[in-house]
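Below is one structure; the comments refer to it alone.
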Amino acid sequence: MSHVIISRQEKVGYITLDRPKALNSLTHQMIEDIHIGLREHEANDKVEVIVLRSSSERALCAGGDMKATRLLALDEQWDELQQFFKKEYELNLHIAQCAKPYVTLVNGIAMGGGLGLSVHGDVLVVSETARMAMPETAIGFFPDVGGTYFLSRLAYDSGLWLALTGAPVFGKEAVAVGLATHYVPSAHWPELVSALEEGGSDAISTTLASLADTTQDEEFIKKLELRSRWFSADNYAELVSTLTDASSEYDDAAKLLQRVQSMSPYAMNLTRKLLAEAKNHNLETCLQLELAAADEAVRHPDFVEGVRAVLVDKEKATWQSE
């Protein structure tokens, strides 16, 4: 059974993720099927716009199927793991280089690999229900799927706290930090979809632009400025000290401190290193660096422990790094 539906409606070529019970978590087969659909739509002269969407309003994609990945790590199936990441990263790069406008519609959860399927495209539309995050450090891993590239370039240096804490952004907050390009309330989505199907690429600059809410949340901008200052700390100890001091005045700092202290120290150190390096490279090079880092990370004991604790047994992890 395929969990990816490839279809066309007038000028739109759809790639619909259809594994709702697993929040569209990506399997190796799904990655291959998405890539096949992408190539088919690029080759079809009747398709002007490629749209990635979900069959469920609960989630676009919660990321890669890390439970299955953990089992491969436990069995030391390193070559198979590398192939999974290699195929996924090749898809991420293809999306960034897509020959036609690539639009993603995000309702609900979009995390990890879900951002790899969406952020690299031309247009990423979020609704008020969108919840976006890169929570990999919670499972002893790092923000991959090109995450080191796009996180290192976000407004207000937001990528650093997004990566180190796994904290989510909601709705139009995703536009403020730069993960999404447009915020359109879900009530207007039927109009947007119809316009894309009838008008193709022209609808992006007309209907989409007219439906998008561009008002800024000034309180959230102030929060971004504070977070940027807090996370400018050079190392883990300094970050903890800064957040601890700020916690007496800001509840947000206290919440972020709690998140930081629950993450894998190994994963946070690796993430900080990769984000700093990514600023010097293009997406293709970043993905190559991530592939090497992924091979290292899945062999570290924090990875199998993190996935076990967070996704399997749903309890606090016992890290083997400091």
Side-chain angles (χ1 to χ4, degrees), residues 1-7 13-41 50-96 98 102 104-121 131-136 138-147 166 287 290-291 293-295 297-299 303-304 306-314:
M1 176 183 176
S2 176
H3 295 295
V4 178
I5 301 169
I6 308 302
S7 61
Y14 285 109
I15 299 173
T16 306
L17 306 184
D18 187 34
R19 195 188 178 203
K21 290 183 179 179
L23 300 178
N24 294 329
S25 293
L26 295 171
T27 64
H28 197 147
Q29 187 61 53
M30 288 175 70
I31 290 168
E32 290 187 354
D33 290 345
I34 293 167
H35 216 159
I36 290 170
L38 184 61
R39 294 190 184 101
E40 286 181 1
H41 289 323
I50 299 171
V51 172
L52 175 72
R53 63 182 181 178
S54 170
S55 64
S56 166
E57 293 187 356
R58 292 181 61 205
L60 173 75
C61 174
D65 189 339
M66 301 311 283
K67 291 181 184 179
T69 303
R70 173 179 178 268
L71 293 177
L72 291 174
L74 286 171
D75 290 339
E76 298 185 355
Q77 300 291 317
W78 310 124
D79 289 344
E80 191 168 342
L81 276 169
Q82 273 290 91
Q83 279 303 305
F84 173 82
F85 290 119
K86 183 173 182 290
K87 293 294 184 182
E88 186 174 20
Y89 299 172
E90 286 174 350
L91 174 58
N92 300 145
L93 184 60
H94 191 161
I95 290 169
C98 187
Y102 182 99
T104 305
L105 304 178
V106 178
N107 267 324
I109 295 169
M111 297 183 179
L115 296 193
L117 295 179
S118 53
V119 174
H120 300 300
R131 174 189 173 99
M132 306 180 79
M134 293 295 283
E136 288 78 9
I139 59 169
F141 203 61
F142 66 94
D144 63 335
V145 296
L287 287 167
E290 288 178 11
L291 188 60
D295 188 45
V298 294
R299 297 169 191 257
F303 175 70
V304 292
V307 177
R308 179 205 65 77
V310 175
L311 300 178
V312 180
D313 297 328
K314 303 186 187 305

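Note: hydrogens, waters and symmetry copies are ignored here, and every other heavy atom, side chains too, is used.
Between H41 atom NE2 and S7 atom OG the span is 6.0 Å, to the nearest 0.5 Å. The CD atom of E88 sits 13.0 Å away from the CG atom of L93 when rounded to the nearest 0.5 Å. Between E90 atom CD and E32 atom CD the span is 10.0 Å, to the nearest 0.5 Å. Separation of atoms CG (L72) and CD (Q83) is listed at 12.0 Å; rounding is to 0.5 Å. A distance of 10.5 Å separates NE2 of H120 from OG1 of T104, quoted to the nearest 0.5 Å. Between R299 atom CZ and W78 atom CH2 the span is 5.5 Å, to the nearest 0.5 Å.
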- [ ] Check step by step if side-chain contact (heavy atoms from CB on, under 4.5 Å) holds for I34 and L26.
- [x] CA-CA 10 Å; I34 293 167; L26 295 171; 3.9 Å; yes
Open item on the list: side-chain contact (heavy atoms from CB on, under 4.5 Å) for V307 and T69? Distances and angles first, verdict last.
Closed with: CA-CA 9 Å; V307 177; T69 303; over 6 Å; no
Task: Worked check of side-chain contact (heavy atoms from CB on, under 4.5 Å) between V119 and N92 - done: CA-CA 9 Å; V119 174; N92 300 145; over 6 Å; no
Task: side-chain contact (heavy atoms from CB on, under 4.5 Å) assessment of I95 paired with L117 - done: CA-CA 7 Å; I95 290 169; L117 295 179; 4.1 Å; yes
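In this structure a side-chain-to-backbone donor-acceptor pair under 3.5 Å is missing from S25 to A62. No donor-acceptor pair closer than 3.5 Å links the side chain of D18 to the backbone N or O of S55. No donor-acceptor pair closer than 3.5 Å links the side chain of H3 to the backbone N or O of L17. Counting only distance, with no hydrogens or angles, the side chain of R131 and the backbone of I109 share no donor-acceptor pair below 3.5 Å.
Between V145 and G112, the closest heavy-atom pair is CG2-O, 3.6 Å. When all heavy atoms are compared, the tightest approach of F303 to M66 is CE1-CE, 3.5 Å. Closest approach of C98 and L38 over heavy atoms only: SG-CD1, 3.9 Å. Closest approach of S56 and P20 over heavy atoms only: CB-CB, 4.0 Å. Listed here is the closest heavy atom pair of G37 and I6: CA-CD1, 3.6 Å. Contact detail for L291 and Q82: the closest heavy-atom pair is O-OE1, 3.3 Å.
Aromatic ring pairs are classed by plane angle as parallel below 30°, tilted from 30° to 60° and perpendicular above 60°; the pair H28 and F84 is perpendicular.
Remark: D79 CG is loosely packed, at most 12 non-hydrogen atoms of other residues, nucleotides or ligands lying under 6.0 Å away.
In this structure, L52 and Y102 have side chains that are in contact, with non-hydrogen atoms separated by less than 4.5 Å. V4 has its side chain within reach of I15: a pair of non-hydrogen atoms, C-beta onward, lies under 4.5 Å apart.
Applying the salt bridge (charged side-chain N to carboxylate O under 4.0 Å, His left out) definition to pairs two or more places apart or across chains, those involving residues 56-66 are R19-D65.
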